[in-house]
Amino acid sequence: MMTTKYGGVDRAHDNSVGIKVIFAVLHGCVVTICLWLAFGGIVWPDPIRAKVLATAAVLYWLRHMITLFVLLQRKVALSEGLGLTAFIAIFEIGFLLLGAGVISGKATPFGVWDGVGLALLGIGSFLNTASELQRRRWKKRPASKGRCYTGGLFGYAMHINYFGDSILFTGWAILAASIWAFSIPALMTYLFIFYHIPPLDAYLADRYGDEFRVYAKKTAKFVPFLY
């Protein structure tokens with residue numbers, strides 16, 4: 001029997017509804033803290049940027065709900081949900097505090113780079129969620145059963161969804177207006193390439209065999225047309 005555990009993640013199909021609800025509520029609590037920090041009357045050096053970053057946290061939570069309850073079909077362990085909640089709290093609250101001027105002590109005027117940050121936030125969100133929705137729509141077809149999805153946005157990179165997240169968090173870091181914020185997209189990109197992707201590729205190779213190996217040979221792994 002083929003193992004379903006790769007890289008510490010159980011990829012067996014399972015709704016895990018209870019764990020997902022706990023994860024959703026905990027993430028909601030983090031977003032509530034962000035909203036309180038931004039709109040609760042606290043005087044920050046840069047209150048407008050704090051509100052923008054709190055809004056970004058709300059939008060990310062909404063997208064996370066789509067991922068949890070529509071797209072994610074594998075088993076989710078409680079430890080995974082708790083660990084990711086802690087990580088989410090670090091970057092969502094951390095980005096907001098940095099953007100609010102806790103370290104700099106001053107407001108950073110909005111400019112061209114913030115426009116770039118917003119664009120990256122939107123593009124990254126689209127790449128991640130749209131690619132997953134395309135795959136889900138294809139998977140629901142009877143003819144797709146037991147086959148590896150290689151179309152849509154996944155035709156440009158095998159892990160275009162992860163690449164989308166790297167772009168998203170780079171944009172979010174730009175909006176935080178602090179060099180310290182870039183540690184998050186840098187860490188996430190490192191983890192995607194060296195920790196998450198290798199065991200996922202092993203799982204896909206075991207599950208789909210030659211079909212996946214042919215796909216992997218002709219398709220960029222992470223960055224379309226480059227890597």
Side-chain angles (χ1 to χ4, degrees), residues 7 26-27 30-31 33-39 42 44-64 67 80 82-132 153 156-198 200 220-227:
L26 290 175
H27 188 180
V30 173
V31 173
I33 293 172
C34 289
L35 290 171
W36 175 74
L37 290 170
F39 296 94
I42 301 175
W44 300 109
D46 199 339
I48 296 177
R49 194 172 290 275
K51 290 178 172 61
V52 170
L53 290 162
T55 302
V58 172
L59 294 175
Y60 185 71
W61 180 83
L62 292 173
R63 206 199 67 160
H64 188 202
T67 299
E80 180 183 359
L82 294 176
L84 287 175
T85 297
F87 182 63
I88 287 170
I90 289 170
F91 73 73
E92 287 190 344
I93 297 173
F95 280 173
L96 189 149
L97 293 176
L98 289 172
V102 166
I103 293 179
S104 67
K106 62 182 180 180
T108 302
F110 282 86
V112 174
W113 277 110
D114 293 297
V116 172
L118 287 171
L120 292 178
L121 193 69
I123 292 170
S125 298
F126 171 79
L127 288 177
N128 183 285
T129 301
S131 64
E132 296 279 13
L153 292 168
Y156 295 97
M158 294 163 55
H159 303 285
I160 192 76
N161 50 343
Y162 289 164
F163 178 61
D165 266 351
S166 288
I167 292 177
L168 182 163
F169 284 99
T170 299
W172 206 335
I174 291 173
L175 291 173
S178 171
I179 191 68
W180 298 105
F182 288 96
S183 61
I184 294 297
L187 174 63
M188 291 187 69
T189 300
Y190 173 84
L191 291 175
F192 283 147
I193 293 175
F194 297 104
Y195 181 75
H196 292 293
I197 289 177
L200 177 54
K221 186 177 292 290
F222 187 68
V223 182
F225 311 112
L226 292 177
Y227 168 72

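Quantities reported herein were computed from a predicted structural model and do not represent experimental measurements.
Residues Leu153 and Phe163 are not in side-chain contact: their nearest non-hydrogen atoms beyond the backbone lie 4.5 Å or more apart. No side-chain heavy atom of Ile193 sits under 4.5 Å from any side-chain heavy atom of Tyr162. Side-chain contact between Phe110 and Leu118 is absent, with no heavy atoms from C-beta onward closer than 4.5 Å. Residues Leu121 and Ile174 form no side-chain contact, since every pair of their non-hydrogen atoms from C-beta on lies 4.5 Å or further apart.
The minimum heavy-atom distance between Phe39 and Ala54, with the atom names listed, is CE1-CB, 4.1 Å. Residues Gly101 and Pro45 come closest through the heavy atom pair O-CG, 3.6 Å. Between His159 and Phe222, the shortest heavy-atom distance links the atoms O-CD1, 4.2 Å. Looking at every heavy atom in both residues, Ala107 comes nearest to Pro109 through O-CD, 3.6 Å. Summarising the geometry of Pro185 relative to Ser166, their closest heavy-atom pair is CB-O, 4.3 Å, with the distance given to 0.1 Å.
No more than 12 heavy atoms of other residues, nucleotides or ligands lie within 6.0 Å of OH in Tyr156, so this atom counts as exposed by the packing criterion. Other residues, nucleotides and ligands contribute only 12 or fewer heavy atoms inside 6.0 Å of the CD1 atom of Ile179. With a 6.0 Å radius and a threshold of 12 heavy atoms from other residues, nucleotides or ligands, Ile48 has its CD1 atom at or below the threshold. Within 6.0 Å of the CZ atom in Phe182, the count of heavy atoms belonging to other residues, nucleotides or ligands exceeds 12.
In this pair, Phe95 and Phe169 present their aromatic rings tilted. The plane angle is within the 30 to 60° band. Aromatic ring pairs are classed by plane angle as parallel below 30°, tilted from 30° to 60° and perpendicular above 60°; the pair Phe91 and Trp172 is perpendicular.
Side chain of Ser183 to backbone of Trp180: a donor-acceptor contact under 3.5 angstrom is found. When atom types are taken as modelled, the side chain of Asn161 and the backbone of Asn128 share no donor-acceptor pair closer than 3.5 angstrom. Judged by distance alone, with hydrogens and angles left aside, the side-chain atoms of Lys221 form no donor-acceptor pair with the main-chain N or O of Tyr227 at under 3.5 Å. Under the 3.5 Å distance criterion, the side-chain polar atoms of Arg49 are left unmatched by any main-chain donor or acceptor of Ala176. Side-chain atoms of Trp44 do not come within 3.5 Å of backbone N or O of Gly99 as any donor-acceptor pair. Asp114 places a side-chain N or O within donor-acceptor distance of the main-chain N or O of Gly111, the cut-off being under 3.5 Å.
How far CG of Leu62 is from OG1 of Thr129: 11.0 Å, rounded to the nearest 0.5 Å. Taken from OG1 in Thr170 to CD1 in Ile123, the straight-line distance is 11.5 Å, to the nearest 0.5 Å. Atom NE2 of residue His196 and atom CG of residue Asp165 lie 10.0 Å apart, to the nearest 0.5 angstrom. A distance of 15.5 Å separates CZ in Phe87 from CG in Leu82, rounded to the nearest 0.5 Å. We find the OG1-CG distance between Thr108 and Leu98 to be 10.5 Å, quoted to the nearest 0.5 Å. Here the CD atom belonging to Glu80 is positioned 10.0 Å from the OG1 atom belonging to Thr85, to the nearest 0.5 angstrom.
For His27, the side-chain hydrogen bond (donor to acceptor under 3.5 Å, both in side chains) partners are His64, Glu92, not counting sequence neighbours. In this structure Ser178 satisfies the side-chain hydrogen bond (donor to acceptor under 3.5 Å, both in side chains) test with no other residue, sequence neighbours excluded. Remark: Tyr190 pairs with Phe194 by the side chain to side chain contact (heavy atoms under 4.5 Å, CB included) rule, at least two apart or across chains.
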Exercise. Tell me, with the steps shown, if Val31 and Tyr60 meet side chain to side chain contact (heavy atoms under 4.5 Å, CB included).
Key: CA-CA 9 Å; Val31 173; Tyr60 185 71; over 6 Å; no

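A side chain to side chain contact (heavy atoms under 4.5 Å, CB included) with Ile93 is found for exactly one of Ile90, Leu97, Leu96, namely Leu97.
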